[in-house]
Amino acid sequence: MAINRFTTMAYSEADEMVFGNAKKPVKAGLDLEIGAGYTTAEVNYAPRPEAGESMEKLVNEYQRITKDIMARMVQVGFPSVVLETEHVQQMTNNPSWGAAVAHAQKTIMEEYHEEYGIKCALRHTPGDIREHKEFMELRGDKMTTVMESFEQIAESGADLLSIESMGGKEIFDYAVLRNDVPGMLYAIGCLGTMDMEYLWQEIAGVAQKKGVTAAGDTDCAQANTAMFIAGGLLDKNLAHTLAILARAISAPRSLAAYEAGAVGPGKDCGYENIIVKAISGMPMSFEGKTSTCAHSDVMGNLIMQCCDLWSNESVEYHGEFGGTTVQCWSESLNYDCALMNTALKSGNEKILRDLLMASDRFRDPQSYVLAYDNAYTVGEAIVKDADDVFLRAKNAAVACCDLLNNAEGLEMTKFELGALEKATAELDAITSESETFMSECMERFKKEVPVFKPENYAL
Amino acid sequence: MLIVDKEGILIRYNVKMEKSMTPEEAAAELYPKEELYRPIAEAIFEGEEDDVVEGLEAAIAAGKDPIALIDDALMVGMKVVTDLYDQGVIFLPNVMMSADAMLDGIDFCKTQSNEAPVQKGKVVCMVAEGDVHDIGKSIVAALLRANGYEVIDLGRDVPSAEALAAVKEHEPIMMTGTALMTTTMYAFKEVNDLLVESGITMPFACGGGAVNQDFVSTYSLGVYGEEAADAPKMADAILAGADIAALREKFHQH
């Protein structure tokens, strides 16, 4: 697959973006269309740890999960649902295990679709197992296993193919703990994008061959690491202004999947997806207030503002008072979708979008920048230099800093402002020459990060 | 577009509660008074490795013992940093950069003497088998080193037998285990059982990602750490005589 850069915004203005509508809707699975005028819940789950002991136990566990979700959908009268299975490592390392799970799940979904007409699709997300104990090994035998996993799940019933890839993480983990803005830019914006292009051309090729959908990625390994380390308002591990800087840089990195042949819906935990949607016009999955079963964030309402799929991130399968966890969370997600779909049908979608956005806009620097109007601004900075991977990532970072430096109504601590000031100055001092930046970073990080292997990026 | 005043909708408690003193002002009150030590402590606070070594060279030239400087200057400077971190005045990246500078300083002191420095105690750090997410372990290890402990870092994806062998070899006061995923954290139980079978009663402090207090409480050596910053506090408590029951009493908050 060729790389096709996005050089313009998919939307003529930010206000054009709403939930449930994407410029380029995606048909997938059993009569489902994503981003075509309605929102759909995307239910995520993890098997109980003891289920990983054998393939049979895992298949049984996922059958129970799938039946539970589909049954609850019908019991409460919801018209559509997406199920996402994020592989436990055994399922990717043994591609036949992942295939067996996909087949078992899809069989159940087909039965419900046939009997009740419920629109549904199955997303499978193999683990990014491309590493050994000491080093990442992004190219080689592990890559072969990952691609074999994609092939087998696509043959066995998975409609949407995704992965949470980890390119650049070895540098990012080092940089984020040292407030190292150039390092974050190199890790996410440059190395991350390079790996995405390599990986997603292959995944898109499999999807095309098997007649399924190359859906999308997320910068979970880096931008979410920053968000989780930053934590809540009173945590003292990372300035929230730096966490959103990592997020802004992650947008061009996650965009690379769609430039390499993916078509959406993007992965749920990619909070950068709002920027990606503004640029690509492709449908995106999001998570927020309904993913508190997995983690906290500071934008639970806002991030719902332009979703096409609405997810709960992940929940371990077990019993709760209201049923199993997947039943409880799928029901919550779908009630949110029912509200959004009512707004869409009654012409009130922009009002609801704005209420969601306004309720969190000033909660945090992260929510402020990811408000759809500001996200659009970051997107414009990215497409301005679309063909230069480094420069567009730097542009995203600079745009993020500009938005925060000129923010009205957002209160920040002296610490957050100090980190912002330092980041702004560091970005200002970084060259605009891609080759210079790349070679300087290469030399520096080869010395400072022993686990950095340039050959992972064909460098 | 709808913009609504945040009053009554949200409160940024971090802004509301922010201390008036800057980190630099707070640090200035804690630096050692001794004129040869103070520049070293300041350089550690700033995370400037070269300045740390320069300060050490000056102190050694003035007759100070290189090994004594580790405790008298480097650790004192690092304590300024960890105290301010505990007080919420500075953030984790400052601690990481200061720890890097301190470790460079210790390495320099070692090259200037034939004696070996005495540390507070050994701690083995590991990531659960099957888990390659090690940023939590890196934070724990850095904070332990910053507090004067020798860290035996086993890295990520550590087989249980390897963890046992390391504990037998190094006889640490504690081992830490981190894991991101529910699927890998079960390796901690296996490690615990191997340790117990070998008659080892050392605390096994676990945390990270999906790890929770209920789970860690199910194995006999387990002590749950909610924050990476709990690790040096646990080690200090162990040196002060705390057993597993006392550690659980102190650190299990839920």
Side-chain angles (χ1 to χ4, degrees), chain A residues 14-15 46-50 52 88-90 129 131-134 136 166 169 172-174 176-180 221 225 228-229 232-240 242 294 316 350-351 353-355 357-364 371-373 408-416 418-419, chain B residues 1-7 9-20 22-23 47 84-97 99-100 127 129-136 138-139 142 155-159 180-187 189 209-210 215 227-229:
Chain A
D15 188 54
R48 288 166 286 200
E50 58 270 27
V88 295
Q89 58 86 13
Q90 299 94 316
I129 56 165
E131 55 186 334
H132 290 294
K133 187 174 186 302
E134 302 298 335
M136 293 222 277
M166 306 225 285
K169 185 168 174 58
F172 179 78
D173 281 358
Y174 176 84
V176 72
L177 294 179
R178 289 163 179 80
N179 284 346
D180 180 350
T225 295
F228 299 150
I229 291 175
L233 297 179
L234 302 183
D235 287 324
K236 299 287 180 185
N237 292 328
L238 182 70
H240 289 203
L242 287 189
E316 188 183 91
K350 289 189 177 178
I351 295 172
R353 175 199 64 187
D354 281 5
L355 288 170
M357 180 275 293
S359 70
D360 289 333
R361 184 181 182 90
F362 301 117
R363 193 174 299 280
D364 199 79
Y372 68 87
D373 55 320
E408 288 180 13
L410 173 68
E411 290 181 313
M412 288 183 273
T413 62
K414 289 197 287 283
F415 180 77
E416 288 170 335
Chain B
M1 193 175 71
L2 181 68
I3 301 291
V4 182
D5 182 79
K6 60 186 173 295
E7 182 70 28
I9 298 173
L10 61 93
I11 300 171
R12 294 209 87 217
Y13 287 105
N14 49 348
V15 175
K16 191 177 168 187
M17 306 300 288
E18 192 169 34
K19 293 178 173 64
S20 55
T22 66
L84 293 179
Y85 175 62
D86 286 343
Q87 292 166 27
V89 177
I90 60 171
F91 278 43
L92 181 65
N94 304 85
V95 182
M96 300 294 290
M97 290 184 283
D100 288 348
V127 178
E129 185 170 13
D131 206 324
V132 293
H133 302 89
D134 61 358
I135 192 167
S138 298
I139 296 170
R156 58 192 192 179
D157 187 13
V158 179
L180 179 71
M181 300 180 287
T182 53
T183 45
T184 54
M185 72 182 186
Y186 273 68
K189 270 189 170 176
F215 171 70
E227 303 286 343

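All chains are named by letter (A, B, ...) in the order of the sequence lines, taking the proteins before the strands, and each is independently numbered beginning at 1.
- Heavy-atom distances place the side chain of A/I229, and not its backbone, under 4.5 Å from chain B.
- Applying the side chain to side chain contact (heavy atoms under 4.5 Å, CB included) criterion to A/Y174, with sequence neighbours excluded, gives A/R178, A/F445, A/E448, A/V449.
- The side-chain heavy atoms of B/D134 and A/D173, taken from C-beta on, include a pair separated by under 4.5 Å.
- The candidate with the highest count of non-hydrogen atom pairs below 4.5 Å against chain A, out of B/V132, B/I9, B/N94, is B/V132.
- Only the backbone of A/H132 comes within contact range of chain B, judged by heavy atoms closer than 4.5 Å.
- Not a single donor-acceptor pair under 3.5 Å links the side chain of A/E411 to the backbone N or O of B/K16.
- Contacts between B/Y13 and chain A at a heavy-atom distance below 4.5 Å involve backbone atoms as well as side-chain atoms.
- Contacts of A/Y372 with chain B are made by side-chain atoms alone, with heavy-atom separations under 4.5 Å and no backbone atom involved.
- You'll find the side chain of A/N237 reaches within 4.5 Å of the side chain of B/E227, heavy atoms only.
- The shortest side-chain heavy-atom distance between A/D360 and B/L10 does not fall under the 4.5 Å cut-off.
- With hydrogens and angles disregarded, no donor-acceptor distance shorter than 3.5 Å links the side chain of A/R361 to the backbone of B/D5.
- Taken to the nearest 0.5 Å, the NZ atom of A/K236 stands 10.5 Å off from the CD1 atom of B/I90.
- Taking the side chain as every heavy atom from C-beta outward, B/I135 and A/V176 approach each other to under 4.5 Å.
- In this structure, CE on B/M1 lies 9.0 Å from CG on A/D15, to the nearest 0.5 angstrom.
- Between chain B and the options A/Q89, A/R48, A/K350, A/E134, heavy-atom pairs under 4.5 Å are most frequent for A/E134.
- Distance check: A/D235 CG to B/N14 CG gives 10.0 Å after rounding to the nearest 0.5 Å.
- Atom CD of A/E408 sits in a sparse spot, with 12 or fewer heavy atoms from other residues, nucleotides or ligands closer than 6.0 Å.
- Of the atoms belonging to A/D364, heavy atoms from both backbone and side chain fall under 4.5 Å from chain B.
- A 4.5 Å side-chain heavy-atom check between A/F415 and B/V15 finds every atom pair outside the cut-off.
- Neither the backbone nor the side chain of A/Q90 comes within contact range of chain B; no heavy atoms are under 4.5 Å apart.
- The minimum heavy-atom distance linking A/L238 with B/P93 is given by the pair CD1-CG, 4.1 Å.
- With values rounded to the nearest 0.5 angstrom, A/N179 atom CG is found 11.0 Å from B/M96 atom CE.
- Contacts between A/M412 and chain B at a heavy-atom distance below 4.5 Å involve backbone atoms as well as side-chain atoms.
- The shortest side-chain heavy-atom distance between B/R12 and A/L233 falls under the 4.5 Å cut-off.
- A distance of 6.0 Å separates CZ in B/F91 from OG1 in A/T413, rounded to the nearest 0.5 Å.
- Using a distance-only test at 3.5 Å, with no hydrogens or angles considered, a donor-acceptor pair links the side chain of B/E18 to the main chain of A/K414.
- Closest non-hydrogen pair, B/Y186 versus A/P49, comes out as CE1-CG, 3.1 Å.
- No side-chain heavy atom of B/D157 sits less than 4.5 Å from a side-chain heavy atom of A/E131.
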